[in-house]
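Note that ligands are numbered from 1 as they come in the structure, with each ligand's atoms numbered from 1 the same way.
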Amino acid sequence: MAEVPRFLVAVTGASGAAYARRLVEALGKRAEVIISRDAEEVLQVELGIAASDLAGEAAAAYLDRDLAAAPASGSHPFEAMVVVPCSGTTLAKIAAGIADNLVTRAAAVALKEQRKLILVPRETPVSAIALENMLKLARLGVVILPASPGFYGAHDTVDDLVDFVVARILDHLGVRHALGPRWSGPPTA
Ligand SMILES: Cc1cc2nc3c(=O)[nH]c(=O)nc-3n(C[C@H](O)[C@H](O)[C@H](O)COP(=O)(O)O)c2cc1C
């Protein structure tokens, strides 16, 4: 593995680009970013930014067309991969073992190399097909972490709710952070 732990952050064309932006910010140089073609569209629609803007301080940034890039190989060291947000399309491809772009190929690598894989699906309601795909992957040890913030903390803004989800991702990556308060029981009167 690399001396500095590296985390692959794959961004696909589901709603929720703000989650990806915040995670990449939090990981800084520990992140390597992969952006799908449809994610580029969503980044523009939701945040008004280009793929290159999302990469920020990340150690590397790739487009999903680049199947020759380093993360396509099992020899490329990374601690864990997060697909955030994860579209139903990418979820289905990963569950079916389809590796037709750099996002799905890197996920296939994470599975075959038994590295941590976290998917952050964003779709509602959820079809039986998507539920079956999630169940299949969860049984293989993949963390299914829906973009579903809790409302029990002192969350005042959309940014707080984004941080809630990103904090749970960082917890699963084992990365220390100070994003939002942790639950310590109901407030005392
Ligand atoms: C603005 C916008 C929002 C979208 N939101 C979602 C979404 O929340 N969930 C989802 O599964 N697909 C969503 N889609 C559809 C996906 O982009 C589409 O299924 C695409 O094939 C995903 O490809 P990718 O996984 O390679 O990025 C959205 C598309 C657009 C343009």
Side-chain angles (χ1 to χ4, degrees), residues 7-24 27 31-56 58 60-73 76 78 80-112 115-138 140 142-151 158-159 161-166 168-169:
F7 301 101
L8 287 185
V9 179
V11 189
T12 68
S15 183
Y19 296 115
R21 177 167 65 180
R22 193 71 171 122
L23 180 63
V24 172
L27 290 174
E32 293 187 24
V33 181
I34 309 173
I35 298 173
S36 82
R37 187 190 301 269
D38 293 295
E40 290 181 73
E41 169 91 22
V42 178
L43 285 169
Q44 199 54 248
V45 168
E46 295 190 342
L47 302 179
I49 64 171
S52 53
D53 300 319
L54 180 88
Y62 313 96
L63 295 177
D64 69 351
R65 281 79 94 187
D66 191 2
L67 262 167
S73 168
H76 182 63
F78 62 89
M81 175 175 182
V82 186
V83 186
V84 56
C86 182
S87 76
T89 300
T90 291
L91 168 72
K93 285 183 188 174
I94 296 171
I98 295 170
D100 64 341
N101 63 41
L102 190 59
V103 173
T104 51
R105 170 62 190 165
V109 167
L111 286 173
K112 83 183 175 74
R115 298 185 197 154
K116 179 166 263 191
L117 177 60
I118 301 171
L119 306 184
V120 185
R122 208 305 317 171
E123 184 80 295
T124 192
V126 185
S127 72
I129 294 172
L131 288 169
E132 282 183 359
N133 288 334
M134 287 186 228
L135 179 61
K136 181 176 179 184
L137 290 170
L140 293 173
V142 174
V143 177
I144 306 295
L145 197 157
S148 174
F151 287 78
V158 171
D159 285 348
L161 296 170
V162 168
D163 278 0
F164 182 101
V165 171
V166 174
R168 299 291 76 73
I169 297 170

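Within the 4.5 Å cutoff, no side-chain heavy atoms of Leu119 are placed close to those of Thr90. A heavy-atom distance below 4.5 Å is not found between the side chains of Leu161 and Val165. Residues Leu137 and Leu91 form a side-chain contact, since some pair of their non-hydrogen atoms from C-beta on lies under 4.5 Å apart.
The distance criterion of under 3.5 Å between nitrogen or oxygen atoms is met by Ser15 with respect to ligand 1. Ligand 1 has a nitrogen or oxygen under 3.5 angstrom from a nitrogen or oxygen of Thr89. In terms of polar-atom proximity, defined here as any N/O pair under 3.5 Å, Val45 makes no such contact with ligand 1.
Of all the heavy atoms in Ala99 and Arg105, the pair that sits closest is CB-CA, 3.6 Å. For the residue pair Val103 and Ile34, the shortest heavy atom distance occurs at CG2-CG2, 3.6 Å.
Only the side chain of Ser36 comes within 4.0 Å of ligand 1, counting heavy atoms alone; its backbone N, CA, C and O stay farther away.
Atom 22 (C) of ligand 1 has its closest protein heavy atom at Ser87 OG, 3.6 Å. Nearest protein heavy-atom neighbour of atom 31 (C) of ligand 1: Glu41 CG, 3.9 Å. For atom 10 (C) of ligand 1, the closest non-hydrogen atom of the protein is Glu123 OE2, 3.7 Å. Protein heavy atom in closest approach to atom 12 (N) of ligand 1: Gly13 O, 3.9 Å. Closest protein heavy atom to atom 1 (C) of ligand 1: Val42 CG2, 4.0 Å. Protein heavy atom at the shortest distance from atom 23 (O) of ligand 1 is Asp38 OD2, 3.3 Å.
The contact set between ligand 1 and Ala14, taken as ligand atoms under 4.0 Å from a residue heavy atom, comprises 5 (N), 6 (C), 7 (C), 8 (O), 9 (N), 10 (C), 13 (C). Against a heavy-atom cut-off of under 4.0 Å, Thr12 is close to the following atoms of ligand 1: 25 (O), 27 (O). The distance from ligand 1 to the heavy atoms of Gly88 drops below 4.0 Å at these ligand atoms: 10 (C), 11 (O). Per-residue contacts place Thr90 under 4.0 angstrom from the following atoms of ligand 1 (heavy atoms of the residue considered): 24 (P), 25 (O), 26 (O).
For Asp159, the salt bridge (charged side-chain N to carboxylate O under 4.0 Å, His left out) test picks out no residue, with sequence neighbours left out.
Applying the salt bridge (Lys or Arg N to Asp or Glu O under 4.0 Å) test to pairs two or more places apart or on separate chains, those with a residue in residues 35-49 are Glu40-Arg65.
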